[in-house]
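Chain A is the first sequence line, chain B the second, and so forth, proteins listed ahead of strands; every chain is numbered from 1.
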Number of protein chains: 2
Amino acid sequence: MSTPQPLLILTPDDLLAERWQALSASPIRAVDLGGLATWRKAGHRLAVIDLGGYPPPAPAPWTQDAWRNNAADLAILATSSRPDDEEGLAVLNAGACGYCHSHAPIETLRQALDVVASGELWVGRALLSRLLRLVDSRLPRAGLTEWAHPLTDREREVAHHAALGESNIAIADALGITERTVKAHLKAVFEKLQVTDRLQLALRVHGVR
Amino acid sequence: MSTPQPLLILTPDDLLAERWQALSASPIRAVDLGGLATWRKAGHRLAVIDLGGYPPPAPAPWTQDAWRNNAADLAILATSSRPDDEEGLAVLNAGACGYCHSHAPIETLRQALDVVASGELWVGRALLSRLLRLVDSRLPRAGLTEWAHPLTDREREVAHHAALGESNIAIADALGITERTVKAHLKAVFEKLQVTDRLQLALRVHGVR
DNA sequence: ACGCAACCTGTCCTTGTGGACAATAGCGAC
DNA sequence: GTCGCTATTGTCCACAAGGACAGGTTGCGT
């Protein structure tokens with residue numbers, strides 16, 4: 001079975017394009033990034049893009065305006081004929097929803113497409129395990145829980161709840177204390193973490209920026 | 001269609017087990033990690049494990065011998081009723097092939113199972129985007145913008161500013177409009193994204209939970 | 001015994017936020 | 001030309017949040 005959604009196939013490589021026809025019941029072919037805009041305006045959102053088909057001197061596709069302006073609304077599966085971890089990170093950070101080998105088995109591609117079509121991200125085993133290793137070794141837990149260090153146990157609990165968007169009353173009920181007490185703890189948390197409100201706290205806790 | 005492969009369902013939660021029956025044509029239920037060894041010895045390799053069903057005082061499942069001795073040969077999809085980035089990293093590093101919400105839609109679970117069954121890894125959008133951020137901290141705002149879909153251009157701008165913790169006045173100044181207008185846009189954003197306030201918006205935008 | 005830190009609670013007050021009513025103007029589609 | 005969407009701005013109001021004063025009780029180390 002192939003994806004029922006219309007699919008934009010973007011590659012200058014005719015052989016690749018032919019192979020990928022099988023991925024969707026209604027595939028459309030384009031050869032340059034300009035096709036992205038019209039695809040989005042037509043109300044579609046699924047696209048598979050071959051990154052490896054362009055000569056090296058050309059700027060990386062994901063840095064071009066045509067990509068940046070449309071990646072937000074599209075579910076893009078980027079592929080490369082010579083996958084590279086750095087490239088993978090770059091395209092994913094640029095808004096792609098998946099990254100895999102251009103000549104991966106058609107079944108694998110289909111699965112990857114299903115995943116990105118459903119709104120999730122698809123990252124190959126190699127890149128993903130490298131990500132895990134990087135996070136596990138280079139920051140063995142530093143960046144993730146660094147915020148909790150200066151806090152007391154209770155403050156940590158309150159901060160965690162607040163960072164998930166719960167109201168003071170909700171937190172109070174959850175912890176079996178008064179709203180006033182929650183406020184007291186939060187005041188201490190804001191002070192210690194040098195933030196002004198619960199939204200900044202949430203950003204800090206969840207490692208944004 | 002459900003996975004043709006036999007599936008080991010490992011949870012003390014009866015309701016969960018019943019829900020998960022639909023994931024495989026031949027599911028087998030077990031309630032503790034001891035089931036992993038016999039499952040592997042029987043030549044099977046697919047298992048879904050609920051991490052959240054055990055009381056907190058118990059040692060984490062992935063630290064127990066039954067897990068460590070069998071994870072290498074099995075394709076394990078770990079689930080939690082309260083997913084947590086720390087926990088996710090821990091189980092993936094312990095050899096699990098996937099991590100997602102215990103009560104995720106059955107289609108999502110099925111997809112995750114398909115992916116791990118095929119030898120790949122499955123990591124949810126929230127955790128994965130955070131991994132990407134951690135590894136490549138220099139990304140300014142890229143990526144993961146599925147949330148922007150139903151929004152107009154202006155709403156997107158306002159939402160983006162709000163998700164970074166800016167006040168309505170600050171957003172108004174930044175965009176050269178009135179605070180009232182910012183409110184109007186935000187009202188539409190909240191409506192379209194089905195959130196109640198700017199903190200929930202921030203969590204959505206930054207891929208938390 | 002004393003200090004101190006963690007934890008808990010109380011009352012005011014100011015401000016930001018979000019919702020409930022509005023209205024006006026532009027611009028593309030039918 | 002009308003319909004609908006977008007962008008813009010207005011006022012009024014209820015409420016949560018956070019700061020500014022308070023206070024209180026534990027328990028632990030010196």
- Message: Under 4.0 Å, heavy atoms only, any strand: does B/Thr178 hit a base, just the sugar-phosphate, or nothing?
- Response: sugar-phosphate
- Residues, nucleotides or ligands: over 12 heavy atoms within 6.0 Å of A/Gln21 CD: yes
- Query: Could you give the distance from NE2 (B/His160) to CD1 (B/Ile171), rounded to the nearest 0.5 Å?
  - Reply: 11.0 Å
- Message: Evaluate A/Val189 against A/Arg156 for side-chain contact (heavy atoms from CB on, under 4.5 Å), listing each step before the verdict.
- Response: CA-CA 8 Å; A/Val189 170; A/Arg156 225 187 311 269; over 6 Å; no
Table of protein N/O atoms under 3.5 Å from nucleotides 19-27 of chain C N/O atoms:
none

- Scan side-chain atoms only and decide if B/Ser118 and A/Gln111 contain a donor-acceptor pair under the 3.5 Å cut-off. yes
- Query: Under 3.5 Å, is there a donor-acceptor pair between the side chain of B/Thr178 and the main chain of B/Thr181?
  - Reply: no
- Message: For B/Glu179, I'd like to know if atom CD has over 12 heavy atoms of other residues, nucleotides or ligands within 6.0 Å.
- Response: yes
- Query: Got a sec: does the CD of A/Glu18 have more than 12 other heavy atoms crowding it under 6.0 Å?
  - Reply: no
- Message: Let me confirm one number: the CG-CD1 distance from B/Leu16 to B/Ile9, rounded to the nearest 0.5 Å.
- Response: 8.5 Å
- Query: When you check the side-chain N and O atoms of A/Thr79 and A/Ser102, is any donor under 3.5 Å from an acceptor?
  - Reply: yes
- C/dG10 P sits how many Å from A/Glu179 CD, rounded? 11 Å
- Query: After noting the C-alpha distance and the side-chain angles of B/Arg110 and B/Glu107, does the key distance pass the salt bridge (charged side-chain N to carboxylate O under 4.0 Å, His left out) rule?
  - Reply: CA-CA 5 Å; B/Arg110 196 165 300 176; B/Glu107 286 78 15; 5.8 Å; no
- Message: Over all strands shown, is A/Ala184 touching base, sugar-phosphate only, or nothing at heavy-atom distances under 4.0 angstrom?
- Response: base
- Query: Once you round it to whole Å, what is the distance between P of C/dC8 and CG of A/Asp153?
  - Reply: 11 Å
- First and last nt of DNA chain D near chain B, cut-off under 4.0 Å to heavy atoms, 5' to 3', are D/dT6 to D/dT11
- Item | Donor-acceptor contact present, side-chain A/His44 to main-chain A/Leu46, <3.5 Å | no
- Task: Grab the CZ-P distance between A/Arg198 and C/dT17 for me, whole Å please.
- Result: 13 Å
- Could you list by number each residue of residues 166-177 of chain B showing a heavy-atom separation from DNA chain D of less than 4.0 Å, or answer none if no residue does? B/Ile177
